Enquirer: 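Starting off with a structure, shown below.
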Amino acid sequence: MMNKKWIKRIGICSFAGILFGFILGAWLIPTELHADYKPDATVYENDPVSERDFKVYTTSRLGRIKEVEDYTISSDFATDDGMIRVDAEKPDLSCKVNLHTVPVVASDITYNTVCYEDHMEDYNPDVSEMIYYADGTMETVSENRLNVSYDENKKKHKLTITAAGAHDIYRENVNIITVKSITTKDTVSTENTLTSDKLHLTIHYSDGTSVKAKKKQIRSEKIKHPKEGTNKLKCYYNDKTYTVKVKAYEPKPTVTFDGYGTFELEYYDPYYVGAERLNTFNGVTYFNGHRETFYSQNVLPGTALYIPGRHVADDGTIRDWQGYICAAADTSFFSRYDIVLTSLGPAKIYDTGCPYGTIDIYVDW
């Protein structure tokens, strides 16, 4: 039977063996993986990361350091936050390395050309060659090293431009300026066919700018008989349809008198003949070979006369539906419904009973 002395010796030896094994394991078995990244030159955001730029080593619990030869990096490029993963093949350990020497792009390539949707075929981005980085460095990209391409998204009215520089690929979204409306200030006669090629049109854009349309740049339907007032003309521009509001007017009838030219008939506006006008101050004037007087409808209403569209104009003269001033004359001097020029404008004879050579003008004075 083993005595107590031997049992004590065996226990001490076992404990010593366990302690020695633990110390040996802590010294020899790696527990952590470390990596240092030291590139030879400045590395940009999308430069490939080479394994030769890494120094990889393991550490044990007691601080033993051993360099690792067999390892892999998880990506050919640095991630957005500058971190990259390193994996040791034997033993199976991994770590993340902060590639803090990689500058993040602070400002992308700048595109100075304004992009209009109706001139996409002429769009050529004016690309700045200066690229600025977060670490304060900059890069000049020469034209022969700069490739520009773009993808259009018409639904979102965005243009995504991609430019490949010397060290990185840059992307920028550019707003496509759309056509909001097409307008005109022209007015047309109801007697003429309404089409876009007879109008001066203005194209208005979403950024508040506008430009005059070139002749025949915009096509339209035809309105053969435009109505008086506002007409909606359907126009076609850049494969899109726009409604242009065009005002039309009824042309005024005209009358011509030898030596005095042509007058447009005015419903309310005064006429200007270029001579002394008949007025209430003297009541009589002489013009164009005849004597002129007036009588007021306030004294003699003259309701028995047939004067279609009878109304009072702005100068107080009584006029018909066309704008002729209503007057009276001896039948041997002028017949009923004859047209005569007075000092107050074109007049039509509606009444008789005046002395020969006199024109009596109806007024509201």
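Being a predicted model, the structure only gives us computed values, none of them experimental. Values reported hereafter were calculated over all heavy atoms of this structure, with side chains retained and with hydrogens, waters and symmetry mates removed.
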Enquirer: How far does CG of L62 sit from OG1 of T31, to the nearest 0.5 angstrom?
Expert: 9.0 Å
Enquirer: Please assess E266 against K252 for the test salt bridge (charged side-chain N to carboxylate O under 4.0 Å, His left out), listing each intermediate value before the final yes or no.
Expert: CA-CA 7 Å; E266 303 288 351; K252 296 177 181 178; 2.5 Å; yes
Enquirer: First locate atom CD1 of I177, then atom NE2 of H119, and finally report the distance between them rounded to the nearest 0.5 Å.
Expert: 10.5 Å
Enquirer: Do other residues, nucleotides or ligands put more than 12 heavy atoms under 6.0 Å from the NZ atom of K216?
Expert: no
Enquirer: Please report the C-alpha distance between F334 and H290 in whole Å, then the side-chain angles of each, then the deciding distance to 0.1 Å, and finally whether the ring pair (Phe, Tyr, Trp, His ring centres under 6.0 Å) criterion is met.
Expert: CA-CA 11 Å; F334 282 105; H290 63 257; 7.2 Å; no
Enquirer: Let me confirm one number: the CD1-CG distance from I182 to N238, rounded to the nearest 0.5 Å.
Expert: 9.5 Å
Enquirer: Taking it one step at a time, do E292 and T358 satisfy side chain to side chain donor-acceptor pair (under 3.5 Å)?
Expert: CA-CA 6 Å; E292 291 182 1; T358 297; over 6 Å; no
Enquirer: How long is the straight-line distance from CD1 of I203 back to OG of S181, given to the nearest 0.5 Å?
Expert: 10.0 Å
Enquirer: Looking at every heavy atom in both P30 and P91, which two are closest together, and how far apart are they?
Expert: CG-CG, 3.4 Å
Enquirer: Report the relative orientation of the aromatic rings in Y57 and H34; use parallel for angles under 30°, tilted for 30 to 60°, perpendicular for over 60°.
Expert: parallel
Enquirer: State which residue, out of Y268, W321, Y324, fulfils the ring-ring contact (aromatic ring centres under 6.0 Å, His included) condition with H311.
Expert: Y268
Enquirer: Please name the pair of heavy atoms, one in L278 and one in L344, separated by the smallest distance, quoted to 0.1 Å.
Expert: O-CD2, 3.6 Å
Enquirer: Closest approach of P251 and T190, non-hydrogen atoms and distance?
Expert: CD-OG1, 3.5 Å
Enquirer: I'd like to check K240 versus V179 (side-chain heavy atoms, cut-off strictly below 4.5 Å). Are they in contact?
Expert: no
Enquirer: Does the side chain of E67 come within less than 4.5 Å of V56's, by heavy atoms?
Expert: no
Enquirer: Answer yes or no: are there more than 12 heavy-atom neighbours, outside D92 itself, under 6.0 Å from its atom CG?
Expert: no
Enquirer: Would a single hydrophobic cluster contain both Y350 and Y271, if residues Ile, Leu, Val, Met, Phe, Trp and Tyr are joined by side-chain heavy-atom contacts under 4.5 Å?
Expert: no
Enquirer: Can you confirm whether D258 is buried at CG, in the sense that more than 12 heavy atoms of other residues, nucleotides or ligands lie under 6.0 Å from that atom?
Expert: no
Enquirer: What I want to find out is whether D87 reaches R85 closely enough, with some N-O distance under 4.0 Å, to be called a salt bridge.
Expert: yes
Enquirer: Kindly assign one of parallel, tilted or perpendicular to the pair Y242 and Y237, based on the angle between their ring planes and the thresholds 30° and 60°.
Expert: tilted
Enquirer: Less than 4.5 Å apart, side chain to side chain, heavy atoms only: is that true for Y71 and L33?
Expert: no
Enquirer: Are K180 and D207 packed together at the side-chain level, in the sense that at least one heavy-atom pair is separated by less than 4.5 angstrom?
Expert: no
Enquirer: Go through it in stages, so that I can follow the logic: the residues are T202 and V211, the test is side-chain contact (heavy atoms from CB on, under 4.5 Å), and I'd like the CA-CA distance, side-chain angles, deciding distance and then a yes or no.
Expert: CA-CA 6 Å; T202 301; V211 63; over 6 Å; no
Enquirer: Is there side-chain contact between T331 and R336, with heavy atoms separated by less than 4.5 Å?
Expert: no
Enquirer: Quick one: does any side-chain atom of K212 pair with a main-chain N or O of L201 as donor and acceptor, under 3.5 Å?
Expert: no
Enquirer: Do I325 and V284 belong together in a cluster built from hydrophobic side chains that touch within less than 4.5 Å?
Expert: no
Enquirer: Which word best sums up how the rings of Y260 and F287 line up, parallel for under 30°, tilted for 30 to 60°, or perpendicular for over 60°?
Expert: tilted
Enquirer: Please say whether more than 12 non-hydrogen atoms of neighbouring residues, nucleotides or ligands are located less than 6.0 Å from NE2 in H225.
Expert: no
Enquirer: Starting from the C-alpha separation in whole Å, work towards a yes-or-no answer on side-chain contact (heavy atoms from CB on, under 4.5 Å) for V86 and F54.
Expert: CA-CA 9 Å; V86 178; F54 285 86; 3.9 Å; yes
Enquirer: Would you say Y249 ends up clustered with Y267 if hydrophobic residues are merged whenever their side chains have heavy atoms under 4.5 Å apart, either directly or through other cluster members?
Expert: no
Enquirer: Can you find a side-chain donor-acceptor pair between D118 and Y205 that sits under 3.5 Å?
Expert: yes
Enquirer: With heavy-atom distances below 4.5 Å as the criterion, would you say the side chains of L194 and L233 are in contact?
Expert: yes
Enquirer: Can you tell me how far apart NZ (K66) and CD (E69) are? Round to the nearest 0.5 Å.
Expert: 10.0 Å
Enquirer: Look only at the side chain of S206 and the backbone of T178, and say whether a donor-acceptor pair between them is shorter than 3.5 Å.
Expert: yes
Enquirer: So for atom CD, which belongs to E89, do other residues, nucleotides or ligands contribute more than 12 heavy atoms lying within a distance under 6.0 Å?
Expert: yes
Enquirer: Evaluate the criterion side chain to side chain donor-acceptor pair (under 3.5 Å) for residue pair K158 and N175; output intermediate values, then yes/no.
Expert: CA-CA 5 Å; K158 296 284 186 181; N175 290 326; 2.6 Å; yes
Enquirer: Side chain to side chain donor-acceptor pair (under 3.5 Å) between H200 and T184: does it pass, once the steps are laid out?
Expert: CA-CA 6 Å; H200 297 89; T184 184; over 6 Å; no
Enquirer: Start with the C-alpha gap between D320 and K348, add the side-chain angles, then the distance that decides, and say whether side-chain contact (heavy atoms from CB on, under 4.5 Å) holds.
Expert: CA-CA 9 Å; D320 65 8; K348 183 181 287 189; 3.9 Å; yes
Enquirer: Hey, is OH on Y272 packed in by over 12 heavy atoms from elsewhere, all under 6.0 Å?
Expert: no
Enquirer: Examine Y356 and Y295 and state if one hydrophobic cluster contains both, with Ile, Leu, Val, Met, Phe, Trp and Tyr joined whenever side-chain heavy atoms are less than 4.5 Å apart.
Expert: no
Enquirer: With side chains defined as the heavy atoms from C-beta onward, is the minimum distance between L93 and T58 less than 4.5 Å?
Expert: yes
Enquirer: Once rounded to the nearest 0.5 Å, what's the spacing between atom CD1 of I176 and atom CE of M120?
Expert: 5.0 Å
Enquirer: Which heavy-atom pair separates D351 from I349 by the least distance, and what is that distance?
Expert: O-CG2, 3.5 Å
Enquirer: Is any side-chain heavy atom of N279 less than 4.5 Å from a side-chain heavy atom of R277?
Expert: no
Enquirer: With a 3.5 Å distance limit and no angle check, can you tell me whether T187 reaches the backbone of K247 through a side-chain donor-acceptor pair?
Expert: no
Enquirer: Tell me whether V340 is reachable from I361 by hopping between hydrophobic residues (I, L, V, M, F, W, Y) whose side-chain heavy atoms are closer than 4.5 Å.
Expert: yes
Enquirer: side-chain contact (heavy atoms from CB on, under 4.5 Å) for Y37 and I84? Distances and angles first, verdict last.
Expert: CA-CA 10 Å; Y37 181 63; I84 197 166; over 6 Å; no
Enquirer: Identify the heavy atoms of C326 and I307 that sit nearest to each other, and give their distance.
Expert: SG-CG2, 3.5 Å
Enquirer: Is the Y362-F294 ring centre distance short of 6.0 angstrom?
Expert: no
Enquirer: Looking at G345 and T342, what are the two nearest heavy atoms and their distance?
Expert: O-OG1, 2.7 Å
Enquirer: Would you confirm whether T256, through its side chain, and T262, through its main-chain N or O, come within 3.5 Å as a donor-acceptor pair?
Expert: no
